[in-house]
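I have placed the structure first, in the form of C-alpha cells, so that the comments after it can refer back to it.
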There are 2 protein chains.
Amino acid sequence: MDVAKMRAAVSSRQAANALRALAMDAVEAAKSGHPGMPMGMADIAEVLWLNFMKFDPAHPDWFDRDRFVLSNGHGSMLLYALLHLSGFDLPIEQLRRFRQLHSRTPGHPEYGLTPGVDTTTGPLGQGLGNAVGMALAEQLLAAEFNRPDFPLVDHWTYVFAGDGCLMEGISQEAISLAGTLRLDKLVVFYDDNGISIDGAVHNWFADDTAARFEACGWRVIRDVDGHDAEALMRAIVSARARSGKPVLVICKTVIGYGSPDKAGQASVHGAPLGSEGVARAKEALGWKHPPFMIPQEIYAHWDKREEGEELHYDWESMLYRYERAHPQLAAEFKRRIRGELPESWPQLAEQALAQRRAQTKPEATRKSSEHVLNACAPALPELFGGSADLSESNNTYWHEAPRVLPGKLAGRYLSYGVREFGMAAAMNGIAAHGGLIPYGGTFAVFSDYARNAIRMSALMRLRVIYVLSHDSIGLGEDGPTHQPVEHAASLRLIPHLQVWRPCDGVETAMAWRCALERREGPSVLMLSRQALQSCRRDAQQEADIARGGYVLSESKLPLEVVLMATGSEIAVALTAQSLLAEDGIGARVVSMPCTNRFDAQEPSWRASVLPPGLPRVAVEAAHPDFWRKYVGLEGAAVGIEDFGESAPAAQLMDYFGITAARVAEVARSRVRTGAAPSAAEPTLIVRSIN
Amino acid sequence: MDVAKMRAAVSSRQAANALRALAMDAVEAAKSGHPGMPMGMADIAEVLWLNFMKFDPAHPDWFDRDRFVLSNGHGSMLLYALLHLSGFDLPIEQLRRFRQLHSRTPGHPEYGLTPGVDTTTGPLGQGLGNAVGMALAEQLLAAEFNRPDFPLVDHWTYVFAGDGCLMEGISQEAISLAGTLRLDKLVVFYDDNGISIDGAVHNWFADDTAARFEACGWRVIRDVDGHDAEALMRAIVSARARSGKPVLVICKTVIGYGSPDKAGQASVHGAPLGSEGVARAKEALGWKHPPFMIPQEIYAHWDKREEGEELHYDWESMLYRYERAHPQLAAEFKRRIRGELPESWPQLAEQALAQRRAQTKPEATRKSSEHVLNACAPALPELFGGSADLSESNNTYWHEAPRVLPGKLAGRYLSYGVREFGMAAAMNGIAAHGGLIPYGGTFAVFSDYARNAIRMSALMRLRVIYVLSHDSIGLGEDGPTHQPVEHAASLRLIPHLQVWRPCDGVETAMAWRCALERREGPSVLMLSRQALQSCRRDAQQEADIARGGYVLSESKLPLEVVLMATGSEIAVALTAQSLLAEDGIGARVVSMPCTNRFDAQEPSWRASVLPPGLPRVAVEAAHPDFWRKYVGLEGAAVGIEDFGESAPAAQLMDYFGITAARVAEVARSRVRTGAAPSAAEPTLIVRSIN
C-alpha cells in the first residue's frame with residue numbers, strides 16, 4: 001500500500017473520474033455500450049489498481065501478475081480505461097474505436113485480443129468460475145514450484161461481479177467450490193448497486209448475499225462504501241489478510257455514479273447517456289476536459305509502467321536466482337509457463353498408443369481413456385484432472401493421482417462436485433492462467449449444463465479437454481434423460497471446438513494425443529460406456545486418425561459405396577461391409593472420429609477418403625441431420641431423431657435401427673439407385689430411413 | 001394427520017421396508033439402478049405419502065392433488081414403489097420390468113409415461129426448479145380462481161432432493177427465486193446423507209446448507225432424523241404451518257439404509273447390491289418375503305385408493321357448487337385445466353396477424369412479438385410471461401401486464417432475475433402443473449445456460465415458449481460473447497422442439513399462433529434485435545407459414561435456382577433474387593421459418609416448395625452445416641462458421657459475407673455448373689463459399 005500515492009496531487013476521485021469520463025465518451029462515440037457499471041465501480045477500480053494490483057503494463061503476460069476478472073463484462077469500458085491509463089498498449093485511438101470492427105476494444109472484454117485482459121467475460125457468472133480456476137491454479141503451481149525464499153508463484157485473483165453474476169446459478173457452483181477448497185487468495189468485489197436491467201433487484205433478488213457467502217465458507221467484508229477511497233483501502237487491506245477463506249467485499253455503489261439524471265437507475269445500465277447527459281454528468285463530477293482528453297497530471301497519477309517494471313524485474317531476478325538454486329525445477333517451470341509438452345511427450349504418447357494397440361479385447365472407450373491417462377499422466381505434470389462427480393463412471397481418475405482437498409491445494413485431481421458448469425468455467429480459468437492443462441469429465445448429456453462455458457473455451461482458444469462419457473443410447477437403462485441424441489452434432493457446431501468420438505482404444509489414445517498437443521482450442525472426447533471391439537490398422541491408418549477421418553477398412557471388391565461412422569457404430573459399419581460383400585457389393589468403411597479435423601484437411605485428401613461420385617451412408621447413434629454435409633441428399637444417414645428409451649443397450653440399438661442389417665439395406669438401396677447422383681429421382685430430404 | 005394410521009398393525013418402518021425391498025428387488029432384476037437413495041429416503045416417503053400427501057390413485061391427473069417432485073430422479077424405484085403400493089395403475093409386473101424397453105418404470109421417472117409422475121427428473125437440480133414453477137402456478141391459479149368457501153386450488157408441492165441437486169447451480173436460482181417470491185406451500189426434503197458418487201461429500205461440498213437456504217429467505221427445519229417416523233411427522237406438521245417462506249427440511253439419512261455391507265457408502269448409490277447383499281439387507285431389515293412379494297397387510301396399510309377417492313370426491317363436489325355460485329369462473333377454470341385456448345382465440349390470433357400485416361414499416365421481430373403479445377395476452381389469461389432480466393431488450397413484457405411480486409403471487413408477468421436455467425425449469429413446472437401456458441425470454445446465446453431445461457421441455461412434451469431475441473450477429477456491438485452462431489442449428493436438433501426464426505411481423509404472429517396452439521411440445525422463437533422489412537404475401541402464403549417453409553417469392557423467369565433463408569436473411573435472399581433476375585436467372589425465394597414443421601409436411605408438398613433437380617442456395621447468419629440437409633452437396637449454404645465480432649450490425653453482415661451480392665454470386669455458380677447434380681465435378685464438402 002502506497003499511502004504517499006493516496007495523498008498525491010490528484011485525488012482518488014479525480015483519478016476515478018477519468019475512468020468515468022472515458023467510459024462515457026467511448027459509449028457515446030460508439031452510440032452503444034454500458035456506462036452504468038464503469039461509473040459505479042470506478043472508485044473501487046482506482047483504489048485496487050493503483051494501490052494493490054501487481055502487473056507490468058509492458059508485459060501483460062508476466063506470469064506472476066495478479067489476475068483481474070471483470071465478471072460483469074458489460075462494463076468493459078472500465079477495464080479498457082484502466083488498461084489505457086495505467087500504461088498498457090491500448091492507445092486512446094483504441095478507446096475511440098470502442099465496439100468497432102477489429103478494434104481491441106470490443107463490446108465485452110476478449111482474452112487474447114486486448115493486452116491485459118485475463119479472460120473473456122460477458123455471459124454472466126462465468127467470470128467467477130474462471131477466477132476460482134485461476135486462484136486454484138496459482139495455489140497448485142505455488143505448491144509445486146515455490147521453495148523457501150523463492151515465492152515464484154505468488155499472486156492474487158481479483159474479481160468484479162454484479163447482481164447478475166450472483167443470480168446466475170454458476171455463481172453458487174463457483175463460490176461453494178472456492179469456499180470448500182479454502183481458496184484464500186481470491187477476492188471478489190460485489191457491485192451492490194441494487195439494480196439490474198429490469199429495475200430494482202429486490203423484487204427478484206432478495207438474498208442476504210453476505211450470509212449466503214458465509215454459509216459457503218467465505219469471509220465477508222460488509223457495507224463498504226464503494227465511493228469512499230479510504231474505506232476501500234481499509235477493506236482491501238483486510239481482504240488481503242489471509243484467513244483460509246476466499247473473501248467477498250460487498251461494496252455499496254450507485255450505478256451510473258456522477259450522472260445527475262440517471263445515477264441509481266436501470267436506464268444507465270446499457271445505453272449511452274446522450275451528449276447532454278454526458279455534459280451534465282461531467283459537470284457534476286467536475287470534469288472539464290474534452291472527450292477522450294486526459295490531463296497529463298492524471299496520466300502521471302495512473303502511470304504504472306515504472307512500478308510494474310520494477311516489480312517484474314524483481315521477479316525475473318528471483319527467477320534468475322531460482323535457476324541457480326533449483327535448475328531442474330526452473331527449467332520445468334519455464335517449460336510449463338510456455339505451455340510446451342515435455343521432451344519425453346512423443347515417446348509417452350507412443351507408449352500409450354502401443355498399449356492400446358496391444359489390447360485386443362473389447363473395451364469401453366471410457367476405460368481406454370483411463371488407460372491412456374494412467375500411461376501418460378504420471379509423466380505429464382501439467383495435466384490437471386477432475387470430474388463433476390461421476391469420476392468412477394467416466395474413468396477420469398488415474399491411478400493414485402494425488403487429490404486436491406480442502407486446504408490441501410496441491411495435487412493432480414479434483415472432485416469438482418456435481419457442478420458441470422462451474423467445473424468448465426474453472427477449467428477455462430486454469431487454462432487461461434497457464435502452467436496447467438485441465439481436463440474434466442461428466443456424462444455427455446450433461447455437457448448441456450456446461451454448454452456456454454464450453455463455448456467460452458472455444459471462443460478463448462483455450463487448451464481445455466472435456467471428457468464426456470456415456471456418449472449415446474448405448475449407455476442403456478438410465479434412459480432418455482441421460483442419453484445424448486443431439487449432443488455430438490450440436491457440439492461439432494461450436495466454432496474452434498474439436499469433437500472426438502473414438503471407436504476403440506487406439507483412436508482414444510490418438511484423440512488424447514491430439515487434444516493435448518492442440519494449443520489453439522478445446523477438445524471434447526465423447527466416450528462409450530459399453531465395450532467396443534478394437535480395430536486393426538496399419539501404421540499409416542493409425543497416423544491418419546489425427547486427420548479426423550480416414551479409410552479404416554477398404555473394400556476387397558470394386559468400390560460401390562462408402563460407409564461412414566464414429567465410435568460405437570464403427571462395428572456396425574464393419575459388419576454391414578461384410579454383409580454387403582456377401583452380396584457382391586464393395587463398401588469401404590471410413591472412420592470419422594473428429595469431423596472438425598477432417599474438414600480442415602486439404603481437399604485432395606478428403607476426396608481420397610470420400611471419393612466423389614460414390615454414394616455414402618453414415619451411421620451414428622445420434623441425430624442424423626449432421627451427416628447430410630457428407631452424404632448429401634442422395635446418400636443416407638442412419639441415426640436417431642427422437643429421444644432414447646430406458647432399456648439394455650443392445651435392445652436399444654436394435655429398437656432404434658442402429659444395426660448392420662439396416663445399414664447394409666440402406667446402402668444396397670443407394671447402390672441400386674445408381675452410384676452417381678441423378679436428378680431423375682432425387683430423394684428430397686431423406687433423413688433416417690424408416 | 002391420521003394418528004390412528006401411525007398406530008396401525010403395520011409399523012411405519014415395516015411399511016418403509018416394503019419400499020426398500022421393492023427397490024432392491026427391481027434393481028436386482030434389472031441388474032442396474034440406484035438402490036441407495038430409495039433405501040435412504042423410504043422412511044421420509046412413507047410418512048409424507050401416507051399422512052400428508054393429497055392424491056387419488058385412480059385419477060393421477062386430479063388437478064388439485066399435491067405435487068411430488070423426485071428431484072434426485074435416480075431414486076426412481078422409490079417413486080415407482082410408492083405409486084404401486086398406494087394404488088396407482090402401476091402393477092407389480094411393471095416393477096419387475098424396471099428399466100426394460102417400454103415398461104412404465106424407466107431408469108428415471110418420466111412425465112406422461114407413468115401415472116402419478118408429476119415431472120421428469122434425473123438431470124440434477126432441475127426438479128427443484130420444476131417445483132418452484134408448480135408452487136408458483138398453484139398460487140397464481142388460487143389467486144385467480146379461489147373464492148370465499150371455495151379453495152378450488154389448494155395444494156402443496158413436495159420435493160425430494162439430494163446433495164447433487166444442491167450442488168448444481170440451478171438449485172441456487174430456484175431457491176433464490178422461491179425465497180424472494182415467498183412461495184410458502186413448497187416443502188423440500190433434503191436427503192442429507194453426506195454421500196455423492198465420488199464419496200463423502202465434505203471434500204467438495206462443505207456448505208452450511210441450512211444457513212444458505214435461510215440467507216435466501218427459506219425457513220429451515222434442521223437435524224431431522226430421516227429414519228424416525230415420529231420426528232418426521234413433527235417436522236412435516238411444522239413445515240405445513242405457513243410462514244410466508246418456503247421450507248427446507250434437512251433429513252439426516254443413511255444412504256442404502258438397511259444394507260449391513262454398504263449402508264452409508266457411495267457404492268450403494270448406483271449399483272445393485274447383488275443377490276447376497278440383498279439377502280443380508282432383507283435379513284437386517286427383518287423382511288422375510290420373496291422378491292416382489294408384499295404381504296396383504298402391508299398392501300392394506302399403503303392402500304390410499306379409498307381415502308384418495310374421498311378427497312377427490314369432496315373436491316369435485318366443491319367444484320360442482322362452485323359452478324353454481326360462479327358459473328363463468330367455473331367454465332373458465334375447466335377450460336384452463338383442459339388446456340384449451342379460449343373460443344375467441346381464432347379471432348384474437350387473426351387480429352394480431354392483421355395488425356402485423358397492416359404494419360409495413362421495418363420492425364424488429366422482437367418488437368413484432370411485443371405487438372402480438374399486446375394484441376393477444378389481455379384476452380389470453382393462461383398466458384404467463386416472464387424474462388430472465390432483459391425484459392426491455394427482448395420485449396417480452398406486454399402493456400400493463402400485472403406483475404408477480406414478492407408476496408403478491410398473482411399476476412401475469414414475472415421478472416425471473418438473471419436466471420435462465422431456473423426460469424426454464426420453472427416454466428417446465430408451470431406447464432406440467434397445468435392451467436397456464438408459460439413463456440420466457442432471454443438472449444438467444446444464453447439459451448445455452450438453459451439448454452438442458454429446454455431439452456426437458458421437449459422430452460416432457462410441454463407447451464413452453466422460449467422467446468430468444470438478439471438472434472444473430474445482427475445484434476451488433478455486443479460482440480461474440482452475445483452473438484449466436486451455432487444456436488439456431490443446435491436448437492433445431494433437439495427432438496420435439498419447434499424452432500421459429502420469423503422474417504417479419506406476419507411470420508412472428510404466425511409463429512406465436514403455432515406455438516400457442518401446439519400442445520405436443522415446446523417452441524422457440526428466435527427474434528431479431530434489428531428492424532426487418534415486412535414481406536408481401538397472399539392469403540395462401542400467409543396460411544402456409546404454419547407449414548414451416550413455403551414459397552415467399554416466386555420467380556417471374558423460368559425457375560433455375562431456389563434460394564432459402566430465415567429471419568433477417570429473407571431480405572438478403574429477396575435482393576439476391578432481383579440481382580439474379582437482372583442476369584436473366586430465375587430464382588425462387590423460400591422462407592423456412594420453422595424447419596422442424598417443414599420436415600413434418602407430406603413429401604409432395606415439400607417437393608412443391610423445393611422442386612427436385614434444381615440447385616439450392618441457403619442463407620442464414622448462422623452455422624451453415626445445418627442447411628446441407630436441404631441444399632445437399634451440390635448446393636451451397638452461405639453462413640458463418642466462426643464466432644462473431646463486435647461492430648455495428650450492417651458492417652458485420654458485410655464482413656461475414658451475409659450479403660445479397662454473395663448469395664447471387666454463389667447461386668450463379670450453381671446454375672452455371674448445371675441445375676442437375678452431376679457426378680462429374682461434385683463439390684465434395686462445400687460449406688460457406690469463401
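Just so we're on the same page: letters track the sequence lines, and every chain starts at 1.
Proximity of A:Thr120 to A:His108: side-chain heavy atoms (C-beta onward) are nowhere separated by under 4.5 Å. For the pair B:Lys629/A:Pro624, no side-chain contact is recorded, criterion being any heavy-atom separation below 4.5 Å from C-beta on. At least one side-chain heavy atom of A:Phe443 sits less than 4.5 Å from a side-chain heavy atom of A:Ser393.
Ranked by heavy-atom pairs shorter than 4.5 Å toward chain B, the options A:Pro106, A:Cys216, A:Ser391 are led by A:Ser391. Highest contact tally toward chain A, considering only B:His34, B:Met456, B:Glu110, is held by B:Glu110 [criterion: heavy-atom pairs under 4.5 Å]. Heavy-atom pairs under 4.5 Å with chain B peak, among A:Thr209, A:Asp448, A:Ile175, A:Asp208, at A:Asp448. Across A:Leu124, A:Leu493, A:Asp198, the residue that shares the most heavy-atom pairs under 4.5 angstrom with chain B is A:Asp198. Of the listed residues (A:Ser415, A:Ser447, A:Ala450, A:Ala489), the one with the most heavy-atom contacts under 4.5 Å to chain B is A:Ser415. The choice from B:Gly422, B:Gly417, B:Gly122, B:Pro123 that makes the most heavy-atom pairs within less than 4.5 Å of chain A is B:Pro123. When B:Asp389, B:Ile170, B:Leu101, B:Asp207 are compared by the number of non-hydrogen pairs under 4.5 Å with chain A, B:Asp389 comes out ahead. Most heavy-atom pairs under 4.5 Å with chain A: of the set B:His202, B:Glu645, B:His482, B:Glu392, this distinction falls to B:His482. With chain B as partner, the option from A:Asn203, A:Val485, A:Leu177, A:Leu166 having the largest number of non-hydrogen pairs under 4.5 angstrom is A:Asn203. If you tally non-hydrogen atom pairs under 4.5 Å between each of B:Gly199, B:Pro406, B:Gly479 and chain A, the highest count goes to B:Pro406. Most heavy-atom pairs under 4.5 Å with chain A: of the set B:Pro648, B:Ala453, B:Gly217, this distinction falls to B:Pro648. Most heavy-atom pairs under 4.5 Å with chain B: of the set A:Arg492, A:His487, A:Glu214, this distinction falls to A:His487.
Within the 4.5 angstrom heavy-atom criterion, atoms from both the backbone and the side chain of A:Ser176 approach chain B. Contact of B:Arg403 with chain A is not made at all, since no heavy-atom distance falls under 4.5 Å. Proximity to chain B (any heavy atom under 4.5 Å) is restricted, for A:Ala30, to the backbone atoms N, CA, C and O. There is no contact between B:Val201 and chain A, counting heavy-atom distances below 4.5 Å. Of the atoms belonging to A:Leu414, not a single heavy atom falls under 4.5 Å from chain B. Contact annotation for B:Thr121: only backbone heavy atoms (N, CA, C, O) come within less than 4.5 Å of a heavy atom of chain A. Contact annotation for A:Tyr655: only side-chain heavy atoms (C-beta onward) come within less than 4.5 Å of a heavy atom of chain B. Heavy atoms closer than 4.5 Å to chain A are found nowhere in B:Leu491, neither backbone nor side chain. Using a 4.5 Å cut-off between heavy atoms, A:Leu405 contacts chain B through its side chain alone, with no backbone atom that close. When heavy atoms are compared at a cutoff of 4.5 Å, A:Pro109 does not approach chain B at all.
Between the side chains of A:Arg99 and A:Ser76, no donor-acceptor pair is found at a separation under 3.5 Å. A side-chain donor from one of B:Trp204 and B:Ser196 sits under 3.5 Å from a side-chain acceptor of the other.
In plain terms, the two heavy atoms of B:Cys165 and B:Gly125 that are nearest each other are SG-N, 3.6 Å. Counting all heavy atoms, side chain and backbone alike, A:Pro612 lies closest to A:Ala607 at CD-O, 3.9 Å.
Applying the ring-ring contact (aromatic ring centres under 6.0 Å, His included) rule to B:Tyr449 yields the partners A:Phe421, B:Phe446; only residues at least two apart in sequence or on another chain are considered. The side-chain contact (heavy atoms from CB on, under 4.5 Å) search around A:Ser103 returns A:Gln94, A:Arg97, A:Thr105, not counting sequence neighbours.
Between the OH atom of B:Tyr416 and the CE atom of A:Met167 there is a distance of 15.0 Å, given to the nearest 0.5 Å. Once rounded to the nearest 0.5 Å, the distance linking CG of B:Asp599 with CD of B:Gln601 reads 9.0 Å. Separating the OG atom in B:Ser32 from the CD atom in A:Glu477 is a distance of 3.5 Å, to the nearest 0.5 Å.
Other residues, nucleotides and ligands contribute more than 12 heavy atoms inside 6.0 Å of the NZ atom of A:Lys408.
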